[in-house]
Engineer: 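Have a look at this one before I ask anything.
Proteins get letters first, then strands, A, B, ... in listed order; numbering begins at 1 in each.
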There are 2 protein chains.
Amino acid sequence: MPKQVTIQDVAREAGTSVSTVSRVLTGSARVSKAKRVAVEEAIARLGFRPSHVARSLRTHATFSVGLLVNDITNPFFSALARGAEEEAIRRGYSMMLCNTDNDPDRELQYLRMVRDKRVDGIIFGPTGANGAQIAQIVGSIPLVMIDRRIDEVPAAAVVADNEGGAYRAACALIQRGYHRLGIVAWLPPMETLAHRVTGIHRALSGHDIPIESAPIIRVSRIEPKEVRRVVREWLTERLEAGDAPSALFALNNQLGLGTLRALRDLGLKIPDEMGLMVFDDLEFFEVTLPPISAVAMPARQMGQRAMRHLLDRLEKPGEHLHEVTVLPTEVRIRQSI
Amino acid sequence: MPKQVTIQDVAREAGTSVSTVSRVLTGSARVSKAKRVAVEEAIARLGFRPSHVARSLRTHATFSVGLLVNDITNPFFSALARGAEEEAIRRGYSMMLCNTDNDPDRELQYLRMVRDKRVDGIIFGPTGANGAQIAQIVGSIPLVMIDRRIDEVPAAAVVADNEGGAYRAACALIQRGYHRLGIVAWLPPMETLAHRVTGIHRALSGHDIPIESAPIIRVSRIEPKEVRRVVREWLTERLEAGDAPSALFALNNQLGLGTLRALRDLGLKIPDEMGLMVFDDLEFFEVTLPPISAVAMPARQMGQRAMRHLLDRLEKPGEHLHEVTVLPTEVRIRQSI
DNA sequence: TGTTAGTATGAAATCGATTTCACAAATGGG
DNA sequence: CCCATTTGTGAAATCGATTTCATACTAACA
């Protein structure tokens with residue numbers, strides 16, 4: 001392995017001191033034209049590239065941020081990661097990808113890791129657990145929450161307008177005559193999902209429909225097969241009892257996909273025998289059988305805004321206001337209702 | 001911002017020297033029981049966490065690797081990233097995510113960045129361009145290519161069995177009576193796509209069908225709208241001329257999605273009026289209208305294998321054989337043929 | 001009991017950059 | 001023409017860990 005060329009080598013080659021070389025690298029002080037070109041030529045000749053790790057040790061800045069998300073294979077998070085990454089690279093930062101898999105232990109493990117690696121900041125889609133521990137690990141590292149928030153940790157946040165989107169989507173359902181809604185939700189209590197439920201309830205109340213008439217189907221694991229099974233069994237039972245809802249509202253894209261499959265298993269015609277609305281739109285909902293109505297979240301933009309927020313704060317560390325940015329959602333009506 | 005606690009503080013608190021603290025941290029030499037517990041208690045009391053950046057400077061290892069892929073929002077790459085990340089975290093490494101967006105300039109920019117950050121290794125899905133420059137930038141950093149390869153850069157690679165998968169899929173088409181195939185491809189010459197074409201050609205030849213009867217539709221930009229437009233126009237023309245193919249074979253998932261939309265634009269019944277086969281399966285192809293037959297690549301496993309390969313090589317730097325791992329593909333027949 | 005081998009430890013060097021400090025040379029104002 | 005700035009430069013300190021080296025102490029053996 002050929003030894004890395006260091007700033008020392010450059011200084012020697014250019015016939016000057018390391019201080020001067022460092023000055024031309026960082027532009028932190030004036031250097032005479034002659035010396036500058038000598039250094040630049042030496043750098044080019046030797047193919048020198050300053051070591052970020054040495055630099056970081058001295059300057060206490062690594063120019064890297066950690067991105068903790070549930071699961072990058074979920075299109076919502078990959079779009080979000082993309083947005084964040086674009087903003088990061090544009091401003092000279094790199095991004096460490098961490099999949100927490102909604103596992104609180106992995107979440108803690110990863111937080112410790114990025115903290116030990118001295119990232120300058122963290123963008124964090126929390127599982128919702130370990131509030132106190134997280135606050136303690138993160139300490140004073142700048143942090144922006146995405147999608148969800150944790151009360152114990154003081155930080156800025158970028159979230160979607162969950163309640164508003166759910167409200168407008170539910171209104172759309174109701175206006176089309178779907179008055180009996182079934183809500184497909186995930187078991188763990190999460191602020192995000194709670195807001196969506198609130199939005200639906202608000203729509204029901206606004207149309208004088210009792211919210212008790214909209215049962216919530218709770219799935220414990222969000223894995224496709226499980227969702228499909230649970231929804232199918234729940235629906236079968238309700239159909240037999242004769243009090244099935246006329247439309248289902250799935251609270252995220254994975255629940256939506258599982259619900260779609262369950263409906264197809266039961267041979268229910270969408271949208272005639274059962275309406276379907278999903279929170280969190282996917283490109284593919286446009287080409288499913290039938291195309292599915294959904295509430296679209298600006299995932300990419302959320303990532304970008306979160307990263308921008310974080311880097312702005314890093315670059316001018318004056319006020320660190322923990323503001324919450326709420327981005328609008330869009331209801332897209334397709335053939336499923 | 002409260003000052004970070006350093007190894008010096010721990011040494012003072014434990015009433016010993018930094019050398020001894022370092023020894024209990026790394027376990028590199030024996031330390032008496034008494035001192036060890038004193039140090040451990042001091043560490044716990046102060047909440048000390050050793051700085052990875054200082055450690056890296058000294059040991060020349062950062063325990064981080066760069067992952068360069070085309071676009072993380074493409075499900076193939078996000079599954080691949082997931083596999084790679086799992087293996088990385090399991091072995092104590094972290095991963096920097098870099099989207100090259102198939103832009104050779106961004107690719108170079110990112111390679112320079114991860115090299116300057118002194119990553120221990122790189123997992124690289126190349127655009128195919130800048131062979132010589134890449135070799136020069138990467139220098140002696142261990143590297144594993146994924147999905148595609150570059151001749152100029154000596155490195156191991158993990159790829160899918162493109163030719164075999166395409167061959168078997170084409171056979172399936174031919175057996176079902178689709179003898180006139182249209183191949184939807186991307187314009188830039190890429191080894192991966194070339195192999196897929198080769199597989200299709202081999203299937204045709206094996207069934208005594210001249211390969212000239214299988215025209216290739218070349219799309220310049222892989223963006224959904226563009227694919228849709230090009231395929232639609234091409235097909236319209238062929239239908240009018242009366243020599244349209246009986247089935248289309250799209251060479252990756254994005255081309256497949258665009259092609260599906262084009263077929264729906266034209267109102268062609270799948271699979272009766274036109275068959276459809278896509279290389280690179282997506283979860284969603286199961287619920288499209290109609291469900292689409294596809295060749296599945298083991299994306300997650302590819303990522304995992306690439307990472308395992310890389311880390312194995314980092315951990316025992318003996319033989320660095322640049323072997324090519326070919327993982328099997330699976331043809332999944334659904335209602336589109 | 002004297003010599004030797006082994007164990008535990010701390011002082012100091014090191015990794016590769018940035019930054020402070022001291023100082024010489026150049027510049028400028030009166 | 002002298003003193004006060006300004007400018008350019010290199011030596012040395014620094015960041016926070018690991019590792020080498022020297023040394024004091026123990027245990028073991030003849």
Engineer: Quick one: does A:Leu97's side chain get under 4.5 Å of B:Leu67's, heavy atoms only?
Structural biologist: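 No - every pair of side-chain heavy atoms lies 4.5 Å or more apart.
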
Engineer: Are any of A:Ser17's side-chain N or O atoms less than 4.0 Å away from OP1 or OP2 of D:dG10?
Structural biologist: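 Checking D:dG10 against A:Ser17, a side-chain N or O does come within under 4.0 Å of OP1 or OP2.
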
Engineer: Is the ring pair B:Tyr93/B:Phe63 parallel, tilted or perpendicular, if the boundaries are 30 and 60 degrees?
Structural biologist: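 Tilted: the ring planes of B:Tyr93 and B:Phe63 meet at 30° to 60°.
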
Engineer: Identify whether any heavy atom of B:Val31 sits under 4.0 Å from a base atom; if not, whether one sits that close to sugar-phosphate; answer base, sugar-phosphate or nothing.
Structural biologist: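 Sugar-phosphate contact only - B:Val31 comes under 4.0 Å of backbone atoms but never of a base.
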
Engineer: Could you check whether A:Thr16 gets within reach of a base, just the sugar-phosphate, or nothing at all, counting any heavy atom under 4.0 Å?
Structural biologist: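 Sugar-phosphate, no base atom in range.
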
Engineer: Using only modelled atom types and a 3.5 angstrom limit, is any donor from either the side chain of B:Arg118 or the base of C:dG16 paired with an acceptor on the other?
Structural biologist: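 Absent.
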
Engineer: When the distance from NZ of A:Lys33 to P of D:dT7 is rounded to whole Å, what number comes out?
Structural biologist: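 The distance from NZ of A:Lys33 to P of D:dT7 comes to 18 Å, rounded to the nearest Å.
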
Engineer: Classify B:Ser19 by what it touches in the nucleic acid, base, sugar-phosphate, or nothing, heavy-atom distance under 4.0 Å.
Structural biologist: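 It contacts base atoms.
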
Engineer: With distance as the sole criterion, is a donor-acceptor pair present between the side chains of B:Thr62 and B:Lys117 under 3.5 Å?
Structural biologist: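 Checked: B:Thr62/B:Lys117 side chains show no N/O donor-acceptor pair below 3.5 Å.
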
Engineer: Would you kindly give the CZ-to-P distance between B:Arg23 and C:dT7, to the nearest whole Å?
Structural biologist: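 Rounded to whole Å, this separation is 14 Å.
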
Engineer: At under 4.0 Å between heavy atoms, what does B:His52 touch on the DNA or RNA strands: base, sugar-phosphate, or nothing?
Structural biologist: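 Result for B:His52 = nothing.
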
Engineer: On DNA chain D, nearest-nucleotide positions of B:Leu25 versus A:Thr20: which is more 5'?
Structural biologist: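 Mapping each residue to its closest nucleotide by heavy atoms, the 5'-most match is A:Thr20.
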
Engineer: Rounding to a whole Å, what distance do you find between B:Leu57:CG and C:dT14:P?
Structural biologist: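 Going from B:Leu57 (CG) to C:dT14 (P), I get 14 Å.
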
Engineer: Can you check the B:Ile7 CD1 to D:dT19 C1' distance for me, whole Å?
Structural biologist: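 That distance rounds to 11 Å.
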
Engineer: Test salt bridge (Lys or Arg N to Asp or Glu O under 4.0 Å) on A:Glu85 and A:Arg91 and set out the steps.
Structural biologist: CA-CA 10 Å; A:Glu85 184 256 7; A:Arg91 296 168 69 161; over 6 Å; no

Engineer: Please state how far atom NE2 in A:His60 lies from atom P in C:dT19, giving the value in whole angstrom units.
Structural biologist: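 After rounding, the gap between these two atoms is 10 Å.
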
Engineer: What's B:Ser22 touching, base or sugar-phosphate or nothing? Going by heavy atoms closer than 4.0 Å.
Structural biologist: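 Base, at least one base heavy atom under 4.0 Å.
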
Engineer: Is any side-chain N or O of A:Arg36 under 3.5 Å from a base N or O of D:dG8, one able to act as donor and the other as acceptor?
Structural biologist: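 Checked by distance alone, the answer is no.
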
Engineer: What is the distance, to the nearest angstrom, from the CZ atom on A:Arg115 to the C1' atom on D:dG16?
Structural biologist: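 A:Arg115 atom CZ is separated from D:dG16 atom C1' by 16 Å.
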
Engineer: Between the base of D:dT18 and the side chain of B:Arg55, is one N or O donor paired with an acceptor at under 3.5 angstrom?
Structural biologist: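 No.
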
Engineer: Between A:Glu86 and A:Arg82, is a salt bridge (Lys or Arg N to Asp or Glu O under 4.0 Å) present by the stated rule, with each step listed?
Structural biologist: CA-CA 6 Å; A:Glu86 261 165 6; A:Arg82 189 72 158 84; 2.9 Å; yes

Engineer: Do B:Gln4 and B:Ser51 come within less than 4.5 Å of each other through their side chains, counting heavy atoms only?
Structural biologist: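 When only atoms from C-beta onward are counted, B:Ser51 and B:Gln4 do not touch, as no gap falls below 4.5 Å.
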
Engineer: Hey, does B:Thr26 reach any base, or is it just sugar-phosphate, or nothing, if we go heavy atoms under 4.0 Å?
Structural biologist: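 Result for B:Thr26 = sugar-phosphate.
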
Engineer: For A:Lys35 and for B:Thr59, find the nucleotide of DNA chain D with the closest heavy atom, then tell me which residue's nucleotide is more 5'.
Structural biologist: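 It is A:Lys35 whose nearest nucleotide is closer to the 5' end.
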
Engineer: Can you tell me how far C1' of C:dC15 sits from CZ of A:Arg58, to the nearest Å?
Structural biologist: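 The answer, rounded to whole Å, is 15 Å.
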
Engineer: Write down the distance between CD (A:Gln8) and P (D:dA11), rounded to a whole number of angstrom.
Structural biologist: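 In whole Å, D:dA11 P and A:Gln8 CD are 11 Å from each other.
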
Engineer: At less than 4.0 Å, is any side-chain N or O atom of B:Arg30 found next to OP1 or OP2 of C:dA8? Yes or no.
Structural biologist: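 So the side chain of B:Arg30 is within the cut-off, an N or O lying under 4.0 Å from OP1 or OP2 of C:dA8.
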
Engineer: Considering heavy-atom distances to DNA chain C, does B:Val18 or A:Val18 have its closest nucleotide positioned more toward the 5' end?
Structural biologist: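 Going by which nucleotide is closer to the 5' end, it is B:Val18.
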
